[in-house]
Amino acid sequence: MTIWQDLLEKSTAVKSRPLAELFENDKRAAEFTREFGPFLFDFSKTNIDAATLEMLVDLARERDVAGRAEAMFSGEKINDTEHRAVLHTALRNLEAEIRVDGQDVMTEVRATHERMVAFARDVRDGRFTGQGGKITDIVNIGIGGSDLGPAMAVLALAPYHDGPRCHFVSNVDGAHIHDTLEDLNPETTLVIVASKTFTTIETMTNAETAKRWMAQKVSNPAAQFAALSTSAEKTAAFGIDPARVFGFADWVGGRYSMWGPIGLSLMIAIGPEDFADFLKGAAEMDAHFRSADYAENLPVLLALVGVWHNQFCDCATRAVLPYDQRLARLPAYLQQLEMESNGKRVSMDGKDLAVNSGPVVWGEPGTNGQHAFYQLIHQGTRVVPCEFMVAAEGHEPDLAHQHLLLVANCLAQSEALMRGRSLEEATAIMRKKGFEGAELDRQARHRVFPGSRPSTTLLYPKLTPAVLGGIIALYEHRVFVEGVILGVNSFDQWGVELGKELALALGPVLEGSDSGAELDGSTRQLVARIRNLWG
Ligand SMILES: O=P(O)(O)OC[C@H]1O[C@](O)(CO)[C@@H](O)[C@@H]1O
């Protein structure tokens with residue numbers, strides 16, 4: 001019998017066990033909580049017991065998570081559909097010595113980092129200016145990994161923001177760039193074109209639009225552009241001075257890239273010192289991931305809890321619920337991280353995946369989500385494992401009473417999900433309100449909470465740059481471990497290609513220069529109606 005089958009059997013055996021019962025053992029909370037650095041990770045409100053945890057840890061051991069991790073950290077080409085190393089961790093461990101194909105890669109990483117620091121200081125201190133003087137606004141044009149990371153982090157670290165305002169444009173929908181540029185002054189704006197490949201149609205189209213906008217007021221628009229890319233030729237062809245091009249190697253995956261040049265807007269916003277703390281927090285999590293025993297290892301445990309729910313308890317989705325308004329973009333960031341990494345149907349060896357692919361990730365900050373979709377989480381027929389995260393302290397000392405309410409809500413939700421409310425309790429409440437007979441029963445049943453809905457809580461003192469770095473590295477490694485356990489390549493993303501190709505082919509059909517004879521009936525009908533509406 002394999003560990004996988006053991007775990008499947010175990011999940012069947014514990015399925016109907018009420019979570020509240022587990023807490024009759026008053027050591028449960030301590031037994032299923034781990035701490036590292038500023039983080040406390042409590043996974044006691046799940047139906048994982050000691051035996052399950054041991055089996056999950058055995059599973060990680062059987063899949064050689066540590067061996068795969070060392071292969072990643074040391075620059076082996078573990079992204080083997082693209083024949084690339086996976087070394088985003090090197091971007092936050094600048095002292096490391098790492099070779100790929102026998103060649104030192106760190107000298108260039110350090111040099112680029114130093115150039116970023118110098119440029120960030122020049123922009124912040126007004127040595128680099130626009131035609132109209134000191135830079136007041138930065139527009140980062142990028143999409144996916146070239147947008148979500150810096151956009152999420154700039155918002156998350158708003159209290160540390162003392163540089164120019166940052167704006168992020170990603171969507172090819174002209175509304176996005178239009179509304180962003182509308183109130184900006186081209187003479188004091190710096191445009192950063194962020195694209196690993198420098199071919200992504202959305203980004204290149206928006207970059208051209210920004211260039212035209214800049215040219216209306218600025219005699220040399222290219223002088224107010226910087227580029228973040230792996231392709232020096234393409235950035236040169238776009239007309240950007242190599243002095244403002246910050247390159248990186250193909251072993252930095254798009255969704256793992258905010259630690260290097262793709263993080264330039266963040267570095268300019270919060271300053272190189274706070275950015276260094278952000279890297280440090282992540283590097284500390286890396287070191288913990290590499291050295292801690294599986295049973296003490298935060299990323300491994302977070303992954304094992306995820307695998308338990310997704311694979312063995314048949315929960316297809318996972319909600320990420322930061323009780324932290326400044327982490328409002330974190331769910332979107334984690335969606336790409338998890339779903340682009342582990343949303344695969346073929347295993348490393350090219351065979352059909354015998355298990356489920358990674359989960360659907362979604363979420364919103366609390367308390368907003370409570371007034372929107374928590375209804376389903378509490379009373380729906382499907383179980384949605386929830387990942388709560390909360391800081392003990394906010395950045396607004398004058399509003400400490402609001403932070404207390406925020407924390408109370410976070411804790412109350414996980415408690416309510418775990419405990420639930422029985423029919424007897426609901427009946428007693430409704431009886432007190434004067435209901436009786438069949439109506440009492442009917443009303444009470446609507447007010448029952450089944451409980452036993454699993455959740456984890458990640459608690460940290462305050463959302464500082466180092467803590468944010470730690471959270472993101474924690475999740476990166478979690479996704480890595482999940483990918484190893486599923487046996488997929490977490491570092492390619494072939495599933496995004498087909499839609500891109502079809503969109504390119506549809507352009508001429510929409511313009512009318514191609515008849516679209518090959519199209520299916522539905523698409524042809526939609527094209528015809530759109531062309532008709534265009535007149
Ligand atoms: O940085 P680029 O090359 O513009 O790519 C942007 C995004 O597009 C994707 O390739 C998906 O299409 C992502 O993986 C990536 O983060």
Side-chain angles (χ1 to χ4, degrees), residues 78-88 91 112 116 139-154 168-173 176-177 191-211 225-238 240 245-266 329-344 357-358 361 472 475-476 479-480 483 488-506:
I78 62 166
N79 172 359
D80 73 352
T81 57
E82 297 177 305
H83 308 290
R84 290 176 184 167
V86 174
L87 276 175
H88 50 279
L91 301 175
T112 304
M116 282 172 66
V139 179
N140 184 91
I141 298 180
I143 196 164
S146 298
D147 165 76
L148 288 164
M152 175 274 295
V154 163
F168 293 87
V169 172
S170 51
N171 203 323
V172 76
D173 182 345
H176 201 179
I177 192 147
V191 176
I192 298 179
V193 186
S195 175
K196 177 175 169 177
T197 54
F198 232 68
T199 57
T200 305
I201 189 105
E202 291 93 333
T203 301
M204 300 326 297
T205 307
N206 278 323
E208 291 293 351
T209 301
K211 210 186 207 179
F225 272 65
L228 321 172
S229 179
T230 53
S231 175
E233 291 108 75
K234 294 197 175 80
T235 56
F238 190 85
I240 301 177
V245 174
F246 301 90
F248 52 103
D250 67 2
W251 42 252
V252 182
R255 54 194 172 274
Y256 299 88
S257 61
M258 65 185 303
W259 315 100
I262 295 294
L264 182 63
S265 52
L266 175 65
R329 297 293 288 151
L330 185 70
Y333 174 81
L334 293 180
Q335 264 169 358
Q336 186 195 19
L337 188 64
E338 177 86 44
M339 292 166 75
E340 205 169 67
S341 298
N342 291 338
K344 313 279 163 72
S357 54
V361 175
I472 303 305
Y475 272 87
E476 282 182 352
V479 166
F480 171 81
V488 297
N489 178 0
S490 299
F491 300 101
D492 60 12
Q493 58 282 320
W494 301 108
V496 301
E497 297 302 326
L498 181 58
K500 285 186 195 171
E501 282 165 30
L502 295 185
L504 277 183
L506 272 167

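We count ligands from 1, going down the list as the structure has it; atoms in each ligand are counted the same way.
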Audit row: Glu338, Tyr475, side chain to side chain contact (heavy atoms under 4.5 Å, CB included) steps and yes/no
CA-CA 9 Å; Glu338 177 86 44; Tyr475 272 87; 5.9 Å; no
Residue selection (non-hydrogen contact nearest [atom]) among [options]:
| atom | options | value |
| --- | --- | --- |
| atom 16 (O) of ligand 1 | Gly145, Gly254, Ser195, Ser146 | Gly145 |
| atom 13 (C) of ligand 1 | Met204, Glu202, Glu340 | Glu340 |
| atom 12 (O) of ligand 1 | Gln336, Lys500, Gln493, Arg255 | Lys500 |

Which is it for Lys196 and ligand 1 at heavy atoms under 4.0 Å: side chain, backbone, both or neither?
both
Ligand 1 versus Thr197: contacting region, heavy-atom distance under 4.0 Å
both
Heavy atoms from other residues, nucleotides or ligands near CD1 of Ile201 exceed 12 (cutoff 6.0 Å):
no
Which residue holds the protein heavy atom closest to atom 6 (C) of ligand 1, what is that atom called, and what is the gap in Å?
Ile143 O, 3.2 Å
Among non-hydrogen protein atoms, atom 5 (O) of ligand 1 lies closest to Thr200 OG1, 3.5 Å
Can you find a protein heavy atom closer to atom 8 (O) of ligand 1 than 4.0 Å?
no
Do Leu228 and Ile192 touch side chain to side chain, with heavy atoms closer than 4.5 Å?
yes
Main-chain N/O of Asn342 paired with Ser490 side-chain donor or acceptor, under 3.5 Å
no
What distance do Asp173 atom CG and Thr205 atom OG1 have between them, rounded to the nearest 0.5 Å?
12.0 Å
With side-chain hydrogen bond (donor to acceptor under 3.5 Å, both in side chains) as the test, pick out the partner of Arg255 among His88, Glu476, Gln336, Gln493.
Gln493
